[in-house]
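Let me begin by presenting the structure, written as structure tokens, before commenting on it.
Both counts, for ligands and for their atoms, begin at 1 and track the order of listing.
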Amino acid sequence: MIDLHAHSSASDGTQSPAEVVASAAAAGLDVVALTDHDTTSGWDEAAAAALSTGTALVRGTEISCHSGAVSVHLLSYLHDPAAPGLLAELDRSRGSRLRRARSMVERIGADLPLTWDDVLEQVDGEATVGRPHLADALVAKGLARDRGHAFATVLSTRSPYFVGHSAPDAVEAVRLVRAAGGVPVFAHPRAVLRGRVVADAVVEEMADAGLVGLEAHHRDHDATAVRELEDLAAALGLVVTGSSDYHGAGKENRLGERSTSPAALEAIESLGTLEVVRS
Ligand code: AMP
Ligand code: FE
Ligand code: FE
Ligand code: ZN
């Protein structure tokens, strides 16, 4: 069982990197990928945990990108974390996310009793800050029931409090990942509930730039979307992956609820600079 997309407290998951690996082992996973948003800061802790359990670790990052006005998430696997081009872009995104979170809190704070300190209480050290931390602060202040409720109301993209953040273009991000020796896979390409999704032509452009795979199997895709993505992957010569997008207690997604074939993982590993961490 191979699950190639999970988050820890290095971004917006609720468990530490070591706890994510322990949960993956407890769930019976053979392989788990740690893919925190715009950071690699959880890698070392997760790798140490993987060496003392039977679950192997794929080191990854979920990169925030845009294609025009559409938000795109690009998974990068097994890249050199010190490669300057990608590193600079991730640093820029994290900085922009922090400023964006502060301005959302300023807007919210004009109407509701929420302060930046409330948010900081929910952020683990240098973690990548996202709306889930604002959601946790709203819950802690009794202003929302849970993350889902906060996202449906105050934090929605349609809310007057919503502010976007800057992120690289998706095609450029594919090039940066390849230049860093990483393996780029388009995360949940048809997750229509999250907002607008890109046209097939954009996926084609990303494929021309070196995209390796499509995360077709994801709970945000219905059966039609899965079939269309499998067909698109076949037409473009891309690998198909499946994953949970686990966020601990922050979302209903359970480890191993979707999985990736051993052949797909083999293709990914053969193209990556880093090795899968196995005990
Ligand atoms: P951001 O990247 O800061 O705009 O926040 C988006 C992140 O919030 C996504 O990566 C998801 O992990 C998380 N998210 C989106 N919708 C929900 C929801 N309804 N419940 C919990 N987490 C969510
Ligand atoms: Fe997330
Ligand atoms: Fe995502
Ligand atoms: Zn994710």
Side-chain angles (χ1 to χ4, degrees), residues 3-15 17 20 32-39 42 58 60-67 69-77 90 93-105 108 119 122-123 127-139 144-159 161-168 170 173 184-198 214-221 241-255 257-258 260:
D3 182 343
L4 293 184
H5 186 163
H7 296 264
S8 74
S9 53
S11 64
D12 56 1
T14 60
Q15 292 182 310
V20 171
V32 68
L34 185 75
T35 54
D36 279 304
H37 297 285
D38 303 317
T39 186
V58 174
T61 300
E62 184 173 21
I63 303 170
S64 314
C65 317
H66 289 124
S67 176
V70 181
S71 160
V72 168
H73 285 179
L74 184 71
L75 293 159
S76 173
Y77 297 116
L90 296 181
S93 282
R94 286 200 308 277
S96 172
R97 279 175 160 283
L98 193 58
R99 291 190 294 279
R100 168 271 199 141
R102 292 192 76 124
S103 46
M104 282 188 71
V105 169
I108 296 167
V119 175
Q122 305 299 328
V123 181
T128 304
V129 178
R131 281 182 289 159
H133 300 104
L134 274 57
D136 291 345
L138 288 163
V139 172
R145 279 194 305 279
D146 53 27
R147 280 189 180 184
H149 181 224
F151 268 88
T153 55
V154 179
L155 304 178
S156 152
T157 49
R158 286 176 301 275
S159 145
Y161 309 122
F162 180 81
V163 177
H165 63 84
S166 68
V185 171
F186 195 151
H188 45 74
R190 291 280 173 86
V192 288
L193 289 179
R194 294 165 182 247
R196 288 172 56 201
V197 299
V198 300
L214 299 181
E215 188 185 57
H217 304 283
H218 186 285
R219 72 152 61 204
D220 293 359
H221 295 154
T241 68
S243 15
S244 64
D245 206 348
Y246 179 69
H247 282 71
K251 274 183 157 183
E252 286 171 7
N253 311 30
R254 292 300 94 194
L255 283 165
E257 66 175 33
R258 301 284 189 282
T260 296

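- At a threshold of 4.5 Å between non-hydrogen side-chain atoms, the residues Arg219 and Arg258 count as touching.
- A side-chain contact (heavy atoms from CB on, under 4.5 Å) with Thr61 is found for exactly one of Leu34, Leu90, Thr128, namely Leu90.
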Using the side-chain contact (heavy atoms from CB on, under 4.5 Å) rule, take Leu155 and Met104 through it: C-alpha gap first, then chi angles, then the decisive distance, then the call. CA-CA 9 Å; Leu155 304 178; Met104 282 188 71; 3.9 Å; yes
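- Considering only heavy atoms from C-beta on, Arg131 comes within 4.5 Å of Thr157 through its side chain.
- Near the Fe ion (ligand 3), less than 2.8 Å away, sit the protein N, O or S atoms Glu62 OE2, His73 ND1, His188 NE2.
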List the steps, then state whether side-chain contact (heavy atoms from CB on, under 4.5 Å) holds for Leu75 with Leu4. CA-CA 9 Å; Leu75 293 159; Leu4 293 184; over 6 Å; no
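- Thr39 meets the side chain to side chain donor-acceptor pair (under 3.5 Å) test with Ser41; sequence neighbours excluded.
- Ion pairing of Lys251 with Asp220 is absent here, as no side-chain N (NZ or NE/NH1/NH2) approaches a carboxylate O to less than 4.0 Å.
- For His37 and His7, the ring centers sit closer than 6.0 Å to each other.
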Can you list every pair where an N/O of ligand 1 is under 3.5 Å from an N/O on the protein?
residue, atom, partner, partner atom, Å
ligand 1, 2 (O), Arg97, NH1, 3.4
ligand 1, 2 (O), Arg97, NH2, 2.9
ligand 1, 3 (O), Arg97, NH1, 3.2
ligand 1, 3 (O), Arg100, NH1, 2.8
ligand 1, 3 (O), Arg131, N, 2.8
ligand 1, 4 (O), Arg100, NH2, 2.9
ligand 1, 4 (O), Arg131, NE, 2.9
ligand 1, 4 (O), Arg131, NH2, 3.0
ligand 1, 10 (O), His37, NE2, 3.0
ligand 1, 12 (O), Asp12, OD2, 3.2
ligand 1, 12 (O), His247, NE2, 2.7

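- Using a 4.5 Å heavy-atom threshold, the side chains of His73 and Glu215 count as separate.
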Assess whether side-chain contact (heavy atoms from CB on, under 4.5 Å) is satisfied between His188 and His5, documenting all intermediate values. CA-CA 10 Å; His188 45 74; His5 186 163; 4.1 Å; yes
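- Taking a cut-off of 2.8 Å, the protein N, O or S atoms nearer than that to the Zn ion (ligand 4) are His5 NE2, His7 NE2, Glu62 OE1, Asp245 OD1.
- The number of heavy atoms from other shown groups lying within 6.0 Å of CZ (Arg145) does not exceed 12.
- Using a cut-off of 4.0 Å between Lys/Arg side-chain N and Asp/Glu carboxylate O, Asp136 and Arg147 are scored as salt-bridged.
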Val72/Val198 under side-chain contact (heavy atoms from CB on, under 4.5 Å): CA gap, chis, key distance, verdict: CA-CA 8 Å; Val72 168; Val198 300; 3.7 Å; yes
